[in-house]
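Keep in mind that what you see is a predicted model, and the values were worked out from it rather than measured. Each chain gets a letter, A, B and so on, in the order the sequences are listed, and its residues count up from 1.
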Amino acid sequence: MRSRDEGEQRRPAVFSRDTRRGVDYCHVALSTAKIVLGKAAHSLSRIGDELYLEPLEDGLSLRTVNTSRSAFACFLFAPLFFQHYQAARPPQRQPPRCKVLMKSFLAVFRSLAALEKTVERCCITLSPESNRLVVQLHCKHGVTKTYNLSFQECESLQAIFDPAECPHLLRAQARVLVEAVSPFSPALSEVTLGVSRGRRVVFRSYLEDDTDAARAMMTEMSLSEDEFQQLQAQEGASITFCLKEFRGLLSFAESANLSLNIHFDVPGRPAIFTIEDSLLDGHFVLATLAEPQAGQEPGQGPHSTTHQDDFANDDIDSYMIAMETTVGEGVAEGPRTPSPVSEEEEAESNVIPGTPPLKKFRSLFFGSVLAPMEPPSEPNPVLAEDSEGEG
Amino acid sequence: MRFRAKIVDLGCLNHFTRVSSTISKLAKTCTLRLSPHKLYFILSDKVANGGVSMWCELAQGNFFDEFQMEGVSADYNEIYLELMPENLSRALKTAQNAKTVKIKLTNKHCPCLTVAVELPSLSSSSRIVTHDIPVGVIPRKLWTDFREPVLPEFDVSIYLPVLKTMKSIVERMKNISNHIVVEANLKGDMNLKIQTDLVCITTHFKHLANPSWALEDISQDRDLEAMVEARIDIKKLLQFLAGQQVNTTKVLCNIVQNRIVHFILLHDEVSLQYFIPALS
């Protein structure tokens, strides 16, 4: 949000006058921007099954992670994005953070066409005390659709990533990237992106080991450097990532007519895909295959011997620490397989409990991991056990 | 063996794309035969295909601006490749609005037909899409499997009704029965019949055209109204009808009583034949 100045970061949140609901709630309303929110929901649904909502002073954050923890996505909508934005938060309580089933949230915004034509206003209210995320669509002809979504309180889902640490950057209009990946079959899982000789940007279909190489068609799209707004990468740099997940952000970026940045490093390090405008920003962090393809300059040729399972073992795990508490169990789970890198960062950046983590997506840290758990206010039905990261 | 060809004209490209799309709907795997003047897509009547066979012939000059090939030897100046036409069709579909399309035989990790598409771009330098389609080179000793089918003496020849209509009827019949009887006479009548334990359904088409040569050669005491029929697998018939891209094409249907149903169409200088054997 480039238009904000430093002082605004310290502006106290607006408290709701409606004390019936208690002060700890978030309320947003949008009209024309509802489509954008709906599209963001569609985009996030390509990644994960659970949607984490966190109303921050800086805006409403929607985040998700995929089950194998190899992809993390988040959108932050600034308060000005909404007609009305209140993330009320008394000093003594944590801001309400919840997760809902992606499927349930998406059901509200499933038909973008209907959203555009018949829905006049959309209101989202988060009420921890009633444990409901209420989405109301005020439609034409006096029809109001109210969706009551159960949510589960949880800790903040955050990822450690810093685009500034990535030596390579590729920036292009979303439309160029959409056209660049259009030759690939929608069924293709992974794609390799690289810079070839002559500084051409090359996308190539990535075929797994177990694909019958004798039968699979290989497709490559090569574009001139001139088509990109920025290309900061040397020849030979390449990464392989999940195309399907990338398409999720790409279609959103295209509909919003934005440029997309791809920050990347060596194979194995996560690639960070970002978009932004004055009212929102989005980040998709995708794991990349650890081993470069054998014989690999993009623009050359054959298939790698690396198996797709490498995705699961990639460094992204050490960047991903999501602590989730199933309220009612009251058990705090420790950070998952932290690497030395992330532990160091945690030590450096402990955040005082009670204050919201600073929203600085560009240099991320995981402060609240070690913050003490607060006791649950009332038992909540466990919607879905987190079966990952036990111990 | 060498093969290089180039298409520059968008009309030719679209036409070739349509042909490859039709072929891809008729066969999962087929043989591409390249000769100096013609290209053929061939499906031979193996048991695996259910006895169905296909023969599609194009004059290369109608599509390619450049066409160079060197066959396996001077005496046998042809190339036979086994490929999945779906790959070729998908590759060509990425070439809408292409400046040029080049197709060549290459040897990457295995023999491939490489389709290189040059697309316009926002910058001075074009975009290039390359598809490597794995192919199998068919050795000369197996070429006899892919000879042009000899047409039998047909008992009746008739032009099909509007394909779209016929297709929608056969589509509904497919849900009821696996087999369909195709019958026709020399008076412009054609019937499609299905029969199960519970129901019989017949669709009658009238006032269709019979080719003039079919009416010339017949013996005097031949009853023009007598129906000639063959019972065939309904899915194969539907596959043929669904593959046709252009509705106005005149498709000729030839039937040998209880033996075979043969379709032949000639459109835009491409000839396509499809044989469906009768079920016993």
| message | If you count heavy-atom pairs within less than 4.5 Å of chain B, which of A:S182, A:S222, A:S224 leads? | response | A:S222
| request: Check the pair B:R127 / A:V176 against side chain to side chain contact (heavy atoms under 4.5 Å, CB included), numbers first and verdict last. | output: CA-CA 11 Å; B:R127 295 172 181 175; A:V176 171; 4.2 Å; yes
| Out of curiosity, A:M221 CE to B:L119 CG, how far, rounded to the nearest 0.5 Å? | 5.5 Å
| task | Would you check, one step at a time, whether the test side-chain hydrogen bond (donor to acceptor under 3.5 Å, both in side chains) holds for B:R90 with A:T219? | result | CA-CA 10 Å; B:R90 275 206 290 124; A:T219 299; 5.6 Å; no
| note | To the nearest 0.5 Å, atom CZ of A:R204 lies from atom OG1 of B:T130 at 10.0 Å
| message | Using 0.5 Å steps for rounding, measure from the CG atom of A:L223 to the OG atom of B:S123. | response | 8.5 Å
| chain A contact via B:S126 - side chain, backbone, both or neither, heavy atoms under 4.5 Å | backbone
| Is B:Q68 atom CD crowded by more than 12 heavy atoms from other residues, nucleotides or ligands, each under 6.0 Å away? | yes
| field | Over 12 non-hydrogen atoms of neighbours within 6.0 angstrom of CD in B:E269 | value | no
| query | Around atom CZ of A:R171, are there more than 12 heavy atoms of other residues, nucleotides or ligands at under 6.0 Å? | reply | yes
| A:M217 side, atom CE; B:L88 side, atom CG - distance, nearest 0.5 Å | 8.5 Å
| field | A:N257, CG: over 12 other non-hydrogen atoms inside 6.0 angstrom | value | no
| field | Straight-line distance of B:D132 CG to A:E220 CD, nearest 0.5 Å | value | 8.0 Å
| query | Relative to chain A, which segment of B:E82 carries a heavy atom at a distance below 4.5 Å: side chain, backbone, both, or neither? | reply | side chain
| said: Distance check, rounded to the nearest 0.5 Å: A:E227 atom CD versus B:S125 atom OG? | reply: 8.0 Å
| chain A contacts: which residues in residues 91-106 of chain B have a non-hydrogen atom closer than 4.5 Å to it? | B:A91, B:T94
| field | Over 12 non-hydrogen atoms of neighbours within 6.0 angstrom of NZ in B:K174 | value | no
